[in-house]
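I have placed the structure first, in the form of structure tokens, so that the comments after it can refer back to it.
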Amino acid sequence: MNIRLYRIMMTCALFVGLGFFLLDAGRVIAEVSRAHHRPNYNFLPRLHLNVASLRVIDDATPLPKHESQQMDYTPNELLKDLARQRFACEGKSGEAILNIRQASLVHHLNNYDGKIILSLTMENPAFAKTGNLSAEVYQKVTPKKGESDSDTLLRLTNLLVEDVNTEIETQLHQKFSNWLVQSNEDSSIHSAADTSQNEKNSNSARTPH
């Protein structure tokens, strides 16, 4: 084989290999960056409860010190963020109590698993009944290539709280809709939508066929 051609082929192979290495490294860096980013739930519509106040009680056993110290935030802290950012108290009386009963992360030989158990109790003197919502979620993750223990723990935490968020909203709409009230913001949106629809119907009625 021509030596010059051989050198060209080897150089191309080297650059191709380097390209795949950098691409894989980029994926790892992006995933680590996402894990370190503390989720924010302000972009989601707020859940307007017919109570005057919200209280969060954390009865969960704290994570081991060596784990919590290496994490940017714990499941308990993220759950409190979720409560503050998603719930809006619109009632004139009553109280909602979010009780974090368990928020655990366990390290096994080849993976981590996590579990969150919480309850939401809604009380209002105007209602004869008390609303009692409970949620229990479980997730298991395997560390990715190049991922540190703390990054894996944060990724697991994010997945758990995402599931809690979905579970709470689903139950509120399906089973406890009488505890949800329409906010002024929601009323404005519906009013604008109704006005737009009425204008369309009016224009359609005037259009000759």
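Not measured: the values here are computed from a predicted model. In this chain, numbering begins with 1 at the start of the sequence shown.
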ask   = Counting N and O atoms only, with roles assigned by atom type, does the side chain of S177 sit under 3.5 Å from a partner on the main chain of Q174, one being a donor and the other an acceptor?
value = no

message = Could you measure the distance from the NZ atom of K115 to the OG atom of S104? Nearest 0.5 Å is fine.
response = 7.5 Å

inquiry  = Under a plain distance cut-off of 3.5 Å, with no hydrogens placed, do D149 and Q70 share a side-chain donor-acceptor pair?
reply    = no

request  = Could you tell me whether the side chain of L118 reaches within less than 4.5 Å of the side chain of I168, counting heavy atoms only?
outcome  = yes

ask   = Quick one: are Y73 and V161 in side-chain contact, heavy atoms under 4.5 Å?
value = no

query = Yes or no on side-chain contact (heavy atoms from CB on, under 4.5 Å) for T157 and T74, after CA distance, side-chain angles and deciding distance?
reply = CA-CA 7 Å; T157 295; T74 65; over 6 Å; no

key: Shortest non-hydrogen contact from L49 toward A96   = CD1-CB, 4.0 Å

ask   = If every non-hydrogen atom of N158 is compared with every non-hydrogen atom of H37, which pair is closest and at what distance?
value = ND2-O, 4.2 Å

task = Measure up the H107 and Y112 rings against each other and bin them: parallel (under 30°), tilted (30 to 60°), perpendicular (over 60°).
result = parallel

key: Any side-chain heavy-atom pair of D58 and K80 under 4.5 Å   = yes

Between CE on residue M71 and CG on residue L154, distance to nearest 0.5 Å = 4.5 Å

query = Can you check whether G91's main-chain N or O pairs, donor with acceptor, with N124's side chain at less than 3.5 Å?
reply = no

inquiry  = Is there a continuous path of hydrophobic side-chain contacts, each under 4.5 Å between heavy atoms, that joins I117 to L159?
reply    = no

ask   = So do the side chains of V137 and T166 get within less than 4.5 Å of each other, counting heavy atoms only?
value = no

ask   = Are side-chain heavy atoms of R86 and P45 found at a separation under 4.5 Å?
value = yes

ask   = Any sub-3.5 Å donor-acceptor pair from Q171's side-chain atoms to S134's backbone N or O?
value = yes

query = In Å and rounded to the nearest 0.5 Å, what is the CG to CG distance from L156 to D151?
reply = 12.5 Å

ask   = Which atom pair, heavy atoms only, marks the closest approach of D113 to H108?
value = OD2-NE2, 2.5 Å

request  = Measure the shortest side-chain to side-chain distance between T121 and N99 over non-hydrogen atoms and say whether it is less than 4.5 angstrom.
outcome  = no

Worked verdict on W179 versus L133 for side-chain contact (heavy atoms from CB on, under 4.5 Å) = CA-CA 11 Å; W179 285 94; L133 178 157; over 6 Å; no

message = Using the rule that Ile, Leu, Val, Met, Phe, Trp and Tyr join whenever any side-chain heavy atoms are under 4.5 Å apart, tell me whether F87 and L44 fall into a single cluster.
response = yes

ask   = Between R46 (side chain) and Q85 (backbone), is there a donor-acceptor pair under 3.5 Å?
value = yes

key: Distance, nearest 0.5 Å, that separates CG of L120 from CG of L54   = 7.5 Å

task = Could you tell me which non-hydrogen atom of A103 sits nearest to which non-hydrogen atom of L63, and how far apart they are?
result = O-CD2, 3.8 Å

ask   = Is there side-chain contact between L172 and M122, with at least one heavy-atom pair below 4.5 Å?
value = yes

note = On a heavy-atom basis, the closest approach of G114 and L105 is CA-CD2, 4.1 Å

inquiry  = Between E95 and V51, is the side-chain contact (heavy atoms from CB on, under 4.5 Å) condition met? List the steps.
reply    = CA-CA 5 Å; E95 181 182 42; V51 294; 5.5 Å; no

message = Please find the pair of heavy atoms, one from T142 and one from N110, that lie closest to each other, and give the distance.
response = CG2-O, 3.6 Å

request  = Check whether any side-chain N or O of R155 sits under 3.5 Å from a backbone N or O of S150 as a donor-acceptor pair, and report yes or no.
outcome  = no

message = Nearest 0.5 angstrom please: L78 CG to D72 CG, how far?
response = 11.5 Å

ask   = Taking the side chain from E67 and the backbone from P64, do they hold a donor-acceptor pair closer than 3.5 Å?
value = no

inquiry  = Is there a continuous path of hydrophobic side-chain contacts, each under 4.5 Å between heavy atoms, that joins V164 to Y41?
reply    = yes

task = Rounded to the nearest 0.5 Å, what's the gap from CG on N40 to CG on D81? Could you check?
result = 8.0 Å

